[in-house]
4 protein chains.
Amino acid sequence: MAPLNENQLNQKKAERKEQIMRAALKVFADNGVKLTKISMIAKEAKVSHGLVYHYFDSKDEILYESIEWGTEENRATQVFNDLNESGKSPLEKIKAFTQFAFSESDRWVTQSVFRIMQHLNETNGLPDHINELVNNAGQFYIEALSPIFREGQKFGEIIQGDTEELLGIYLTVLSGIMADDPSFWKENTEWKVEILSRMISAR
Amino acid sequence: MAPLNENQLNQKKAERKEQIMRAALKVFADNGVKLTKISMIAKEAKVSHGLVYHYFDSKDEILYESIEWGTEENRATQVFNDLNESGKSPLEKIKAFTQFAFSESDRWVTQSVFRIMQHLNETNGLPDHINELVNNAGQFYIEALSPIFREGQKFGEIIQGDTEELLGIYLTVLSGIMADDPSFWKENTEWKVEILSRMISAR
Amino acid sequence: MAPLNENQLNQKKAERKEQIMRAALKVFADNGVKLTKISMIAKEAKVSHGLVYHYFDSKDEILYESIEWGTEENRATQVFNDLNESGKSPLEKIKAFTQFAFSESDRWVTQSVFRIMQHLNETNGLPDHINELVNNAGQFYIEALSPIFREGQKFGEIIQGDTEELLGIYLTVLSGIMADDPSFWKENTEWKVEILSRMISAR
Amino acid sequence: MAPLNENQLNQKKAERKEQIMRAALKVFADNGVKLTKISMIAKEAKVSHGLVYHYFDSKDEILYESIEWGTEENRATQVFNDLNESGKSPLEKIKAFTQFAFSESDRWVTQSVFRIMQHLNETNGLPDHINELVNNAGQFYIEALSPIFREGQKFGEIIQGDTEELLGIYLTVLSGIMADDPSFWKENTEWKVEILSRMISAR
DNA sequence: CATGAATGAGCTTTCATTCAT
DNA sequence: AATGAATGAAAGCTCATTCAT
């Protein structure tokens with residue numbers, strides 16, 4: 001049979017890469033970059049380790065492309081778009097984001113990126129372009145949440161103080177929790193979200 | 001010089017072991033267990049890696065004994081004894097503990113154990129006796145803080161709800177933060193402690 | 001379009017194989033057998049690596065068939081036929097052959113085989129049938145040049161001594177040089193040929 | 001028992017390194033750098049592959065240090081010192097050097113370096129410092145032989161022409177031959193040396 | 001026929017652990 | 001007791017070879 005045409009090929013190739021990147025994000029998020037073995041990614045993606053190298057040049061490359069893919073407009077931004085169009089109050093929006101961060105939805109990709117960043121912040125000796133990407137990804141959340149925090153402070157719904165710093169603390173707490181056993185968070189999520197939001201709510 | 005007598009020998013041996021365990025706790029806390037190499041512990045303790053194996057049977061054994069040593073009554077409990085004799089209110093005690101957890105005091109041993117537990121919670125495939133020890137060490141903090149929380153709830157100083165769960169959330173948040181770049185917490189510590197305590201304070 | 005008939009098919013198939021064998025000879029000659037990757041041959045032949053395996057069973061097989069093809073009567077012999085009909089003196093013939101060996105003519109196939117043999121002489125662990133072929137190919141040059149050397153000795157144009165051994169030395173020198181950067185030989189070729197011929201010229 | 005003192009340690013360490021470098025030079029010379037596996041060096045040196053990495057950081061490092069060690073004053077220069085003090089005529093010196101180059105003496109180290117350089121000249125993609133070392137090592141032979149060639153030309157014992165180029169051809173021929181099966185050269189060495197020297201002798 | 005996806009053996013390198021001194 | 005030499009399992013990556021399309 002004749003080979004597939006170019007579109008079909010690209011389609012298939014993209015799907016395969018995505019399959020591997022999904023697996024990579026999951027495993028990187030669970031184990032941290034250094035402790036993640038290619039074999040673990042391969043197993044998670046149900047392919048041979050050789051195939052992983054057919055699509056990616058190196059472990060660093062997998063990490064880079066996976067984070068890049070995981071933070072692409074149409075995925076991560078979606079969450080914030082939904083949020084901004086929801087008509088909720090700033091604090092409600094932050095609670096919703098917190099809820100989302102812990103939810104096991106199909107939006108776990110965003111969550112994984114979040115957790116990987118947590119791991120990477122502790123890691124030294126990564127290539128520059130990876131560090132840059134991680135910083136950018138972190139910046140993304142800051143930029144998306146910053147206006148919400150600011151508005152909340154204006155309305156007196158959120159406590160006063162340096163917005164950036166307050167946001168930084170909140171995100172650190174979130175990412176720190178995610179690094180723990182996520183299953184712990186399955187129960188009573190609403191109450192936990194409520195408690196976390198108390199850190200910043202003015203009352 | 002005449003050879004040391006048996007007591008002196010044991011004394012010396014114990015000192016050496018302690019020297020290595022101190023180093024181990026520090027390095028384990030900074031890097032996580034898996035990423036800590038024996039050579040890193042040896043370097044931190046200023047001994048050869050061979051000597052480490054003279055005193056300990058394996059890496060797991062170092063971890064086990066180090067945590068055990070770090071949680072022994074006369075060390076970790078000290079912190080809580082001081083707290084309980086301070087005459088502070090429950091919430092103030094919790095703030096003081098939080099403060100301590102982030103402080104770079106000479107009581108870093110307790111802190112290290114805390115951070116190692118954080119790393120270990122993410123790790124699979126550890127020997128059973130290590131897991132048990134980690135759980136015990138976690139239990140130690142829970143048991144020490146539990147009465148304080150309970151008292152705070154009785155006084156209406158701390159929000160209502162399942163005490164164990166509330167404490168669990170609080171500890172998870174703390175250990176999660178510690179896994180982040182600790183230098184971030186050097187600045188503005190008091191404000192940050194204040195914010196964290198807002199999670200549980202009744203107001 | 002109607003399918004090709006059997007002759008046309010065989011014709012096409014033969015052309016494809018030749019295309020690959022030409023590429024293989026070139027790449028093998030430049031890099032040595034072990035360091036030549038299938039992908040390099042495929043790229044040189046402008047086909048996919050999969051197609052290479054459609055026509056050949058293995059890398060060894062490519063090597064075998066390529067050398068065989070490259071030493072077939074109607075190709076390699078041509079050089080010596082031309083030489084023998086040239087009316088030159090034996091020493092002149094040898095100089096001409098030497099010249100040819102270094103020239104970048106379209107007769108590079110013969111040259112490549114020559115260089116591959118050089119590489120292979122150093123290699124252990126090749127299948128027997130390959131070793132035999134290499135020996136045969138070496139023998140081919142010896143048989144073609146032997147009468148010329150012998151005649152030169154009879155005429156006193158070439159120094160006395162065991163003809164086979166003298167020829168062996170000369171060929172070893174030539175193939176040794178070829179393994180070097182061939183570009184070095186681009187300049188001053190005639191002088192270099194002259195110097196090499198001095199080894200055997202009686203003067 | 002107490003550990004060895006520093007001198008003894010350095011002594012032992014140096015001997016071990018030398019043992020490995022000897023093995024490395026031999027194997028590199030026989031197989032070329034790319035095709036030499038660490039396991040081959042380890043086997044030749046009769047040590048584990050792990051130990052090789054105890055003394056050297058990488059394969060490139062082994063290559064670098066081995067060539068460096070093999071070209072150190074007290075080894076390679078010795079040959080030329082002996083030659084210059086021998087009172088031989090220039091052409092006789094060159095024959096002696098040629099003889100030496102093929103001899104299986106304990107001076108094979110120099111010979112190995114010679115052969116490795118031959119292999120390396122064909123190789124691309126080596127680190128800069130290795131390339132530099134190889135060039136230097138090549139330069140070493142050129143500088144040692146250059147005055148001898150020049151003198152021979154002055155005396156009319158060696159043919160006229162660009163000295164450097166003539167020397168270059170001669171060295172290329174020698175190294176080319178060495179890359180061949182050296183056992184071939186075991187027999188009739190004197191005659192072969194005689195023939196090679198004819199390339200440059202004025203007669 | 002033609003492509004490139006897919007696999008796994010094998011190589012370089014790291015590091016826990018053992019052992020000679 | 002103390003050092004660091006020595007070993008080998010395991011991980012990242014390459015590439016010959018097979019196979020689905």
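Proteins come first, then strands; the chains are lettered A, B, ... in the order of their sequence lines, and each starts at number 1.
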- Give the dot-bracket string for DNA chain E, reading 5' to 3', where a pair is Watson-Crick or G-U wobble with both distances under 3.5 Å, ( ) marks pairs inside the strand, [ ] marks pairs crossing earlier ones, | marks a partner on another strand, and . marks unpaired. .||||||||||||||||||||

- Message: Just the rounded figure in Å: distance from P of E:dA20 to CD of D:Glu15.
- Response: 19 Å

- Message: Go nucleotide by nucleotide along DNA chain E from the 5' end; which of A:Gly50 and C:Gly50 gets its closest nucleotide reached first?
- Response: C:Gly50

- Mind running a 4.0 Å heavy-atom check of residues 36-47 of chain A against DNA chain F and sending the residues that fall below it, in number order? A:Thr36, A:Lys37, A:Ile38

- Separation of E:dA16 atom P from B:Leu35 atom CG, nearest Å, is 10 Å

- Task: Please identify each residue that fulfils side chain to side chain contact (heavy atoms under 4.5 Å, CB included) with D:Glu61, with sequence neighbours left out.
- Result: D:Asp57, D:Ser58, D:Glu65

- Where along residues 51-67 of chain B does a heavy atom come under 4.0 Å from DNA chain E, residue by residue in number order? B:Tyr53, B:Ser58, B:Lys59

- Query: Once you round it to whole Å, what is the distance between C1' of F:dA6 and NZ of D:Lys12?
  - Reply: 10 Å

- Can you measure from NZ (A:Lys34) to CZ (A:Phe28) and round to the nearest 0.5 angstrom? 12.5 Å

- Task: Verify, without hydrogens or angle tests, whether A:Lys13 (side chain) and A:Tyr55 (backbone) share a donor-acceptor contact under 3.5 angstrom.
- Result: no

- Measure the distance from NZ on A:Lys13 to C1' on E:dA5 and round it to the nearest whole Å. 10 Å

- What is the distance, rounded to the nearest whole Å, between atom CD1 of D:Ile20 and atom P of F:dA6? 8 Å

- Task: Decide whether D:Gln19 and D:Glu15 meet the rule of one side-chain donor and one side-chain acceptor closer than 3.5 Å.
- Result: no

- Message: If you compare every side-chain N and O of D:Arg16 against the phosphate oxygens of F:dG4 (OP1, OP2), does one of them come in below 4.0 Å?
- Response: no

- Given side chain to side chain contact (heavy atoms under 4.5 Å, CB included), test C:Ile62 with C:Ile38 step by step and report yes or no. CA-CA 10 Å; C:Ile62 301 171; C:Ile38 296 294; 3.9 Å; yes

- Hits for ring-ring contact (aromatic ring centres under 6.0 Å, His included) against D:Tyr64, two or more places apart or cross-chain, chain-then-number order -> D:His129

- Find the distance between CZ (C:Arg22) and CG (C:Leu25) and round it off to the nearest 0.5 Å. 9.0 Å

- Message: Restricting to side chain to side chain contact (heavy atoms under 4.5 Å, CB included), what partner residues turn up for A:Lys43, sequence neighbours left out?
- Response: none

- Note on the structure: Residues passing the side chain to side chain contact (heavy atoms under 4.5 Å, CB included) test with B:Lys37, sequence neighbours excluded, are B:Ser39, B:Met40

- With sequence neighbours excluded, residues passing side chain to side chain contact (heavy atoms under 4.5 Å, CB included) with D:His54: D:Leu51

- Query: Between B:Phe56 and B:Lys17, is there a cation-pi geometry (under 6.0 Å to ring centre, at most 45° from the normal)?
  - Reply: yes

- Query: Is there a donor and acceptor pair, one atom on the side chain of A:His49 and one on the base of E:dA9, closer than 3.5 Å?
  - Reply: yes

